[in-house]
Amino acid sequence: MREWYRARPGYWFRPKRYGWGATPVTWQGWAATFALIASAVLIGSYAQGLGMIRFALLVPLVLGFLLLCRAKTDGEWRWRWGG
């Protein structure tokens, strides 16, 4: 079980065991995830009442994070049923 949550050197994420996507397994992956959350909270709090501006700032942030995750994942992104 513990081996599932390890990645080869240079990778920050590992494909999820169930579902689609990846999960952070190194401090760099966790730092990137927390940076995304902190950035989204800051954008949300400073862009109150500016719906389209908030959307225009959040979309590139999330897309950039997803591209980073995909590039730094040790394995392919596909639907998984466990096992």
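Index from 1, following the sequence.
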Closest non-hydrogen atom pair, Leu68 against Ala32: CD2-CB, 4.0 Å
Exercise: identify the closest heavy-atom pair between Arg17 and Arg80: O-CB, 3.3 Å
Exercise: identify the closest heavy-atom pair between Phe65 and Leu36: CD2-CD2, 3.5 Å
Minimum-distance pair of heavy atoms, taken over all atoms of Leu42 and Ser45: O-OG, 3.1 Å
No-hydrogen, no-angle side-chain donor-acceptor test under 3.5 Å, Trp77 and Thr73: yes
Residue pair Ala40 / Leu61: nearest heavy atoms and the distance that separates them: N-CD2, 3.9 Å
Straight-line distance of Thr23 OG1 to Arg14 CZ, nearest 0.5 Å: 11.0 Å
Nearest-0.5 Å distance that lies between atom CD1 in Ile43 and atom CD1 in Ile53: 12.0 Å
same_hphob_cluster(Phe55, Tyr46) at 4.5 Å side-chain heavy-atom cutoff: no
Straight-line distance of Trp30 CH2 to Phe13 CZ, nearest 0.5 Å: 9.0 Å
Same apolar cluster: Val59 and Met52, side chain cutoff 4.5 Å: yes
